[in-house]
Amino acid sequence: MLFEHASGYALFVAQEFEEVAMQQYLVEQGVTEFGKFAGLVKLHAFSPFKSGTNALDNMNNISEGVIHEDLHLFLETNLPESPKKKKKVILGVGDVKIGSAIQEALSVSCQSTGVVPEILRGIRLHFHALIKGLTLEVEGKAQLGLGHSYSRAKVKFNVNRVDNMIIQSISLLDQLDKDINTFCMRIREWYGYHFPELIKIVTDNVTYAKVTKFIKSRQDLTADCLEGLEEITMDSAKAQAIYDASKSSMGMDISPIDLINIENFSTRVIALADYRKSLHTYLQDKMQNVAPNLAALIGDQVGARLISHAGSLTNLAKYPASTVQILGAEKALFRALKTRGNTPKYGLIFHSTFIGRAGAKNKGRISRYLANKCSIASRIDCFSEMPSSVFGEKLRGQVEERLSFYETGEAPRKNVDVMKEAVVEAKEQEAILKKKRKKEKKKKRKLEESQAEESRVDTTMEEEPEETPKKKKKKAVQVKVEEEVLTNGTSEKKKKKKKSKVADVSMEEEEPVSEKKEKKKKKKVSI
């Protein structure tokens with residue numbers, strides 16, 4: 001039995017395995033009691049992991065169904081050879097993928113069904129008791145540490161290429177569209193009691209909210225307000241029509257408190273509309289970073305809806321073209337399968353401009369062709385290291401050629417030729433991007449070096465004034481020593497000169513004081 005633990009790999013030998021397999025219900029009952037379970041299983045070999053990083057590497061390989069070098073070496077050295085040729089060693093494994101990988105690498109028959117899961121469950125429960133020197137606390141710490149590091153490694157991703165942000169932003173964008181529409185309808189009904197003619201003149205929801213905020217009471221609207229109305233509606237004729245309608249309106253009078261509430265509500269709706277615009281620009285930027293080819297082919301919003309419906313960009317890349325074509329029309333598909341009717345031709349792809357431009361007969365064809373190109377673009381975006389929109393633009397050109405082929409009969413180019421051109425252009429773009437990055441790195445290095453030099457200069461400038469008084473003190477001491485040496489064998493004039501030097505040096509050392517104190521110090525030095 002191979003058991004993978006946070007602390008290392010372990011091999012256990014199940015005693016009389018055939019009998020145990022026959023009495024599986026007894027094993028299930030005796031797993032919880034250590035006394036009974038210890039009679040069934042004995043430790044054969046155990047190799048602990050060298051470090052936390054080593055344990056993480058091993059666990060990542062196990063989760064992917066790949067044999068690590070440590071596991072390969074452990075099994076080669078510790079797997080017991082069968083004493084009889086007829087009876088072969090059977091290795092019990094918890095995962096089928098690892099079992100198949102071990103079988104290919106070491107040619108050992110592996111088993112993961114029957115009584116094996118129950119025995120492994122018992123080993124997991126009593127592992128700390130089966131291995132000497134391992135306690136429950138140490139086992140818990142090892143499992144917790146490896147669990148945190150494993151989940152952290154799985155969660156790590158490139159910050160610039162996060163498809164989760166696209167999913168959230170497109171869902172919020174759709175929600176904002178619904179909310180803005182409902183709120184604008186509420187403003188129309190509310191303000192319609194006071195000025196009902198405005199509904200027919202101004203059809204756009206956001207402009208209607210802006211106009212209501214600007215007009216407030218229709219009785220206060222004068223000819224001076226026409227310029228403001230023109231700025232909002234972007235049409236002088238509409239502004240004049242609003243002014244004329246306000247003079248002969250059939251609406252009821254409204255109190256100032258009601259007008260204040262309508263104004264506050266319209267300001268909220270306008271703010272939501274502005275935020276919707278900024279969110280749309282944010283979504284465009286994200287799509288250019290995450291899925292530029294898909295955005296170039298089918299548009300930002302439709303591409304984002306495909307990613308959100310699939311769950312992620314990797315899931316969308318795994319889907320075949322037939323699934324991408326019907327993505328978003330699952331209800332219609334299952335209803336058609338139940339009733340044995342015609343299956344839907346398109347789902348979310350219907351919102352693209354290509355299907356709208358195609359004829360009634362060719363809509364199914366172009367949707368199938370577009371789904372094929374979408375699946376190619378999503379795979380390129382998912383697995384390419386350097387994101388670029390070259391392939392998406394080329395694929396878009398192919399769809400345009402196919403549309404013209406349905407209308408005029410001109411034969412489109414082959415996919416192989418188009419992709420060869422796209423590969424050449426993509427390589428050129430990659431070379432340009434690499435050069436730009438190198439230049440940016442050089443600039444950063446130069447800036448860092450210049451900053452480091454400036455900091456060094458500043459430190460030296462700070463250190464210099466601290467060093468100067470020490471030098472002066474040394475000079476003063478040297479002068480005093482020379483003076484003491486020369487007092488015995490020199491003339492009085494030389495003594496006076498040297499004493500004056502000592503006095504000057506001592507004056508430099510000391511802090512500024514009054515003139516009387518300076519005279520006293522000079523006398524002392526001369527003495």
Side-chain angles (χ1 to χ4, degrees), residues 165-288 295 299-305 308 328 348 350-353 356:
M165 303 301 152
I166 289 169
I167 294 162
Q168 295 298 326
S169 59
I170 191 65
S171 59
L172 181 60
L173 200 69
D174 293 337
Q175 190 66 42
L176 278 173
D177 287 333
K178 289 177 185 176
D179 292 343
I180 288 164
N181 286 329
T182 52
F183 291 157
C184 287
M185 289 302 294
R186 182 65 54 209
I187 290 169
R188 281 174 185 275
E189 287 180 12
W190 202 352
Y191 195 70
Y193 296 122
H194 178 60
F195 195 179
E197 290 83 6
L198 187 64
I199 295 166
K200 290 182 180 179
I201 297 165
V202 181
T203 54
D204 187 46
N205 289 328
V206 180
T207 51
Y208 186 88
K210 287 178 181 177
V211 168
T212 53
K213 187 185 175 184
F214 180 77
I215 294 170
K216 294 175 186 177
S217 178
R218 72 168 194 279
Q219 294 164 0
D220 299 333
L221 194 67
T222 56
D224 299 330
C225 302
L226 284 169
E227 290 181 4
L229 285 170
E230 280 181 20
E231 287 179 3
I232 294 164
T233 56
M234 303 296 288
D235 191 359
S236 58
K238 272 188 182 180
Q240 189 65 42
I242 290 163
Y243 177 70
D244 294 338
S246 67
K247 296 301 175 187
S248 60
S249 177
M250 296 293 291
M252 61 179 276
D253 292 333
I254 196 165
S255 64
I257 296 165
D258 297 331
L259 278 172
I260 287 162
N261 282 316
I262 293 165
E263 187 184 353
N264 290 333
F265 188 52
S266 59
T267 51
R268 292 291 177 90
V269 173
I270 292 159
L272 275 176
D274 294 335
Y275 175 65
R276 197 252 177 215
K277 287 179 183 176
S278 64
L279 188 68
H280 182 66
T281 54
Y282 165 76
L283 180 65
Q284 285 178 340
D285 296 335
K286 275 288 170 189
M287 282 296 289
Q288 288 299 320
D300 298 314
Q301 287 193 2
V302 181
R305 283 195 181 94
S308 67
L348 292 166
F350 181 75
H351 296 288
S352 69
T353 55

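Residue numbers count from 1 along this sequence.
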Any [X] side-chain heavy atom under 4.5 Å of [Y] side chain:
{"X": "N261", "Y": "W190", "value": "yes"}
{"X": "D253", "Y": "Q219", "value": "yes"}
{"X": "I215", "Y": "I242", "value": "yes"}
{"X": "L229", "Y": "Q240", "value": "no"}
{"X": "I199", "Y": "Y191", "value": "no"}
{"X": "I180", "Y": "Y275", "value": "no"}
{"X": "R188", "Y": "N205", "value": "yes"}

So which atom in [X] and which in [Y] form the shortest heavy-atom distance, rounded to 0.1 Å?
{"X": "V269", "Y": "C184", "answer": "CG1-SG, 3.6 Å"}
{"X": "T182", "Y": "D179", "answer": "OG1-O, 2.7 Å"}
{"X": "A304", "Y": "M287", "answer": "N-CE, 3.8 Å"}
{"X": "P196", "Y": "S249", "answer": "CD-OG, 3.8 Å"}

Return the set of residues passing ring pair (Phe, Tyr, Trp, His ring centres under 6.0 Å) with [X] (not counting sequence neighbours), or none when no residue passes.
{"X": "F265", "value": "F183"}
{"X": "F195", "value": "none"}
{"X": "F350", "value": "Y346"}

Among residues at least two apart in sequence or on other chains, which ones pass side-chain hydrogen bond (donor to acceptor under 3.5 Å, both in side chains) with R276?
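Partners of R276 under the side-chain hydrogen bond (donor to acceptor under 3.5 Å, both in side chains) test: D177.
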Going by the rule salt bridge (Lys or Arg N to Asp or Glu O under 4.0 Å), which residues pair with R186 if we only count those two or more places apart in sequence or in a different chain?
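Expected list: E189.
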Determine whether I262 and I254 satisfy the following criterion, side-chain contact (heavy atoms from CB on, under 4.5 Å), listing intermediate values before the conclusion.
CA-CA 11 Å; I262 293 165; I254 196 165; 3.7 Å; yes
Answer yes or no: is there a donor N or O on one side and an acceptor on the other, between the side chain of H194 and the main chain of M252, under 3.5 Å?
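Side chain of H194 to backbone of M252: a pair is present.
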Is the backbone N or O of L221 less than 3.5 Å from a side-chain atom of K247, with the two atoms forming a donor-acceptor pair by type?
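At least one qualifying donor-acceptor pair exists.
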Could you list all the salt bridge (charged side-chain N to carboxylate O under 4.0 Å, His left out) pairs where at least one residue sits in residues 202-221, not counting sequence neighbours?
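The answer is K216-E263.
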